[in-house]
Number of protein chains: 2
Amino acid sequence: MSGRQSGRPTLEQVAARAGVGRGTVSRVINGSPRVSEQTRTAVARAVAELGYVPNQAARALAGSRTDAIALVIPEAEARLFAEPYFLDLIRGVSAELAEADKQLLLTLVRSEQERQRFEQYLAAQRVDGVLLASVHGDDPLPDRIRELGLPVVMNGRRAEAEPVPYVDSDNIGAGRAAVAHLVGRGRGRIATVTGPLDMYVARARLGGYRAGLAEAGLSPDEALVSAGDFTEEGGRRAMRLLLDRSPDLDAVFAASDVMAAGARAALREAGRRVPDDVALVGVDDSPVARLMDPPLTSVRQPIEEMGRTMARMLLQEIAEAPQEPRRHVLPTELIVRESC
Amino acid sequence: MSGRQSGRPTLEQVAARAGVGRGTVSRVINGSPRVSEQTRTAVARAVAELGYVPNQAARALAGSRTDAIALVIPEAEARLFAEPYFLDLIRGVSAELAEADKQLLLTLVRSEQERQRFEQYLAAQRVDGVLLASVHGDDPLPDRIRELGLPVVMNGRRAEAEPVPYVDSDNIGAGRAAVAHLVGRGRGRIATVTGPLDMYVARARLGGYRAGLAEAGLSPDEALVSAGDFTEEGGRRAMRLLLDRSPDLDAVFAASDVMAAGARAALREAGRRVPDDVALVGVDDSPVARLMDPPLTSVRQPIEEMGRTMARMLLQEIAEAPQEPRRHVLPTELIVRESC
DNA sequence: CAACGACGTGGGAGCGCTCCCATCCGGGAC
DNA sequence: GTCCCGGATGGGAGCGCTCCCACGTCGTTG
């Protein structure tokens with residue numbers, strides 16, 4: 001209730017009130033150990049009395065660090081995965097950053113022009129590091145950012161071997177688990193609707209599918225593989241193609257829930273019952289899976305946890321104290337419902 | 001390709017290169033008209049040659065404006081509306097801000113403690129203004145922020161009469177449109193599953209439902225009104241209750257798609273066919289609506305447009321040049337599908 | 001008992017920009 | 001020719017902080 005007369009208080013004013021020097025207050029604020037207990041309390045009281053809050057701009061200017069990190073999401077993908085994927089990711093990142101008292105700058109990139117503008121930001125020293133979601137197979141951005149000297153962590157990777165630090169989910173394991181489950185239910189003609197194969201995530205899930213077949217002693221059959229594009233319509237088309245080519249299939253592993261929904265519609269059109277005639281498994285465990293009829297068995301990714309891990313890794317890179325490895329592959333989990 | 005030797009270039013260096021003073025370069029950068037054409041070009045060339053990008057922190061410190069705005073989303077709601085609602089909103093906000101070259105700081109608030117921390121940020125002068133999504137009926141935050149002297153714009157409102165600038169969708173119109181459609185299809189016993197009535201949005205949709213009945217000359221019946229909580233489970237419970245109380249109902253207006261999905265499940269359990277026995281309408285036009293069986297008729301809100309409008313309003317408030325009114329109610333639109 | 005670290009502290013020197021005032025220049029009015 | 005005015009320009013004075021060096025003031029060592 002005091003000392004509020006002229007704008008926000010500054011370090012200087014706190015120092016005067018506590019009867020110490022500017023440097024000392026700064027030390028207390030930043031938790032330096034080189035301050036006596038007595039002084040510390042005196043300063044803390046002055047801070048409380050004046051309601052002092054450090055000016056972020058001044059801090060950033062003097063200390064050349066912003067306490068903010070950027071999360072970049074390509075707009076096209078945000079639309080594609082309309083699912084809560086990105087929200088979950090954001091939630092995880094946000095939670096971890098909040099604990100570290102860092103700001104989250106969200107950047108939706110929707111055009112090449114905006115991507116360039118974003119590189120400008122980086123150059124303007126607005127953030128201490130960058131989180132990249134959903135990187136394309138040939139995206140040069142991660143490397144560009146590193147050239148600028150900024151720490152980066154990606155969600156997913158561009159290829160099996162990825163030089164830039166990343167957090168991915170075990171997409172191969174996801175495919176294997178799905179196939180194993182279907183095999184366990186007695187299915188022997190298991191088809192798959194893949195994502196676009198220029199994305200590593202799609203290739204990995206397909207690889208898992210193949211590995212699953214091999215482990216079950218089933219021989220691969222390219223007629224049972226059809227490429228979708230992670231959209232519902234794409235799933236529908238791919239499913240029609242599969243039914244056409246291999247009418248005897250008795251199960252389908254769709255590389256995403258949305259495609260599974262499309263496949264389900266195509267199955268209905270074709271008069272196939274789920275799960276009686278054809279069992280169905282998706283990936284993502286999105287709300288859509290729960291609401292489908294019948295509810296969809298799906299492989300869950302720990303999306304929020306990926307977000308948290310990314311943020312944690314980035315903070316360590318920024319602190320130049322990477323304690324964890326620079327690559328993380330988090331486990332997936334099969335959620336069994338009535339679709340198989 | 002030049003002058004890259006010592007960190008990023010500063011204003012001073014650009015000035016030296018262009019053979020002018022610091023002030024002049026600043027004027028050019030900021031588009032001041034008081035610069036001769038000739039000087040302007042010379043400076044522009046120096047900027048390009050050195051790859052100069054203004055340091056944001058220095059700008060903020062000297063100019064006391066940050067070119068960043070905060071978007072605050074209560075975590076609980078983000079979970080509730082798991083739908084793409086917030087992503088769409090973010091998309092709109094982001095698009096508008098990108099055009100104005102402003103940064104978007106996303107803040108997910110998940111506890112009272114974090115809310116207080118957020119107020120600290122504001123005091124730390126990190127942002128020029130605040131966008132508030134999904135405000136509770138009795139949320140004091142909007143007023144608190146205004147007390148701090150920061151411009152605010154909310155998404156939705158706390159009550160019919162709302163002092164703080166806001167952008168809302170026409171929820172009353174949504175209810176009326178839904179009912180009118182059902183009446184047009186020959187339904188006469190139209191029930192509704194509402195949202196939690198301590199939220200204005202829920203009350204408004206209920207109000208629209210009632211207005212719709214009145215306009216059709218149907219008499220209201222409280223046995224046809226049941227409160228949900230915007231969750232699937234809540235929708236299911238409310239629907240069961242309605243079937244119990246009014247077995248003769250022939251249509252339901254659910255105040256959200258998610259609740260409609262719950263209601264649909266309850267109808268299935270009860271052996272009622274949709275739309276033959278009971279017609280169903282939701283609100284949001286979310287992906288869930290499209291994927292339901294049968295696909296759900298739903299009232300679409302212009303979410304992304306709301307985001308854009310909010311951002312535009314806020315920018316005007318910041319510039320102290322509000323050209324638009326401080327309240328916006330955007331129209332909704334009925335998307336007809338097979339559920340009625 | 002002098003010399004010497006170690007610790008706690010004060011405050012100068014910037015960080016890179018914006019704001020603003022003083023200065024300069026040229027052309028028109030008298 | 002002199003005076004005046006307005007537009008263009010240079011650069012000082014901060015903005016509020018961090019960094020770091022210098023300065024006591026002790027307790028300890030030889």
Side-chain angles (χ1 to χ4, degrees), chain A residues 3 6-44 46-47 50-68 101 120-121 123-126 128 318-319, chain B residues 3 6-44 46-47 50-68 101 120-121 123-126 128:
Chain A
S6 60
R8 316 226 127 265
T10 71
L11 243 205
E12 195 90 46
Q13 292 168 27
V14 175
R17 174 136 194 157
V20 299
R22 218 170 60 257
T24 303
V25 178
S26 177
R27 261 167 238 132
V28 173
I29 299 284
N30 294 297
S32 155
R34 334 192 123 280
V35 180
S36 74
E37 206 43 56
Q38 191 185 0
T39 312
R40 189 182 303 281
T41 7
V43 171
V47 166
L50 294 175
Y52 170 74
V53 179
N55 177 312
Q56 178 49 33
R59 262 190 153 162
L61 179 56
S64 52
R65 111 203 111 105
T66 62
D67 286 340
D101 223 357
Q120 299 268 302
Y121 289 150
Q125 330 242 10
R126 275 176 168 281
D128 296 336
I318 290 170
Chain B
S6 59
R8 317 227 125 264
T10 69
L11 243 204
E12 196 88 45
Q13 291 168 29
V14 175
R17 174 133 193 159
V20 300
R22 220 172 57 256
T24 302
V25 177
S26 176
R27 261 166 239 134
V28 173
I29 299 284
N30 295 295
S32 154
R34 334 194 121 280
V35 180
S36 74
E37 206 43 56
Q38 190 184 1
T39 311
R40 188 182 303 281
T41 359
V43 171
V47 165
L50 294 175
Y52 170 74
V53 180
N55 178 310
Q56 179 49 33
R59 263 191 154 161
L61 180 56
S64 54
R65 112 204 111 110
T66 62
D67 286 339
D101 224 357
Q120 299 268 300
Y121 289 149
Q125 331 241 11
R126 274 175 169 281
D128 295 337

K.L.:
For A/Asn55 and A/Thr10, run side chain to side chain contact (heavy atoms under 4.5 Å, CB included): C-alpha distance rounded to whole Å, both residues' side-chain angles, the deciding distance at 0.1 Å, then the answer.
P.N.:
CA-CA 8 Å; A/Asn55 177 312; A/Thr10 71; over 6 Å; no
K.L.:
With sequence neighbours excluded, what pairs up with A/Ser36 under the side-chain hydrogen bond (donor to acceptor under 3.5 Å, both in side chains) test?
P.N.:
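A/Thr39.
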K.L.:
For the CD atom of A/Gln13 and the CG atom of A/Leu50, what is their distance to the nearest 0.5 Å?
P.N.:
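Answer for the CD-CG pair, A/Gln13 versus A/Leu50, is 7.0 Å.
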K.L.:
So which pairs with a foot in residues 23-41 of chain B pass salt bridge (Lys or Arg N to Asp or Glu O under 4.0 Å), sequence neighbours left out?
P.N.:
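As it turns out, the salt bridge (Lys or Arg N to Asp or Glu O under 4.0 Å) pairs with a partner in residues 23-41 of chain B, which skip direct neighbours, are B/Glu37-B/Arg40.
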K.L.:
So how far off straight is the helix from C/dC1-D/dG30 to C/dC30-D/dG1, going by the axes through five pairs at either end, to 10°?
P.N.:
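Rounded to the nearest 10 degrees, the bend comes out at 50°.
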K.L.:
Rounding to a whole Å, what distance do you find between B/Arg34:CZ and C/dC21:P?
P.N.:
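Taking atom P of C/dC21 as the reference, CZ of B/Arg34 is at 13 Å.
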K.L.:
Heavy atoms under 4.0 Å, any strand shown: does A/Ser64 hit a base, just sugar-phosphate, or nothing?
P.N.:
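Nothing: the residue A/Ser64, judged by heavy atoms under 4.0 Å, touches no strand.
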K.L.:
For the residue pair A/Ala60 and B/Ala57, what are the closest heavy atoms and their distance?
P.N.:
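Nearest pair, atom of A/Ala60 first, then B/Ala57: CB-CB, 3.5 Å.
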K.L.:
List the residues meeting side-chain hydrogen bond (donor to acceptor under 3.5 Å, both in side chains) with A/Gln56, not counting sequence neighbours, and say none if there are none.
P.N.:
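By the side-chain hydrogen bond (donor to acceptor under 3.5 Å, both in side chains) rule, A/Gln56 matches B/Arg126.
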K.L.:
Can you give me the closest heavy-atom contact between B/Leu61 and A/Ala58, atom names plus distance?
P.N.:
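Reported closest heavy-atom pair: CD1-CB, 3.8 Å.
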K.L.:
Give me each pair satisfying salt bridge (Lys or Arg N to Asp or Glu O under 4.0 Å) with a member in residues 55-66 of chain A, each pair once, sequence neighbours excluded.
P.N.:
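Those involving residues 55-66 of chain A are A/Arg65-A/Asp67.
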K.L.:
Report yes if at least one side-chain N or O of A/Ser36 is closer than 4.0 Å to OP1 or OP2 of C/dG8; otherwise report no.
P.N.:
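Looking at the OP1 and OP2 atoms of C/dG8, neither is under 4.0 Å from any side-chain N or O of A/Ser36.
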K.L.:
Along nucleotides 14-28 of chain D, 5' to 3', which nucleotides get a B, which get an S, and which get a -, given that the test is a protein heavy-atom distance under 4.0 Å?
P.N.:
BBBBB-B--------
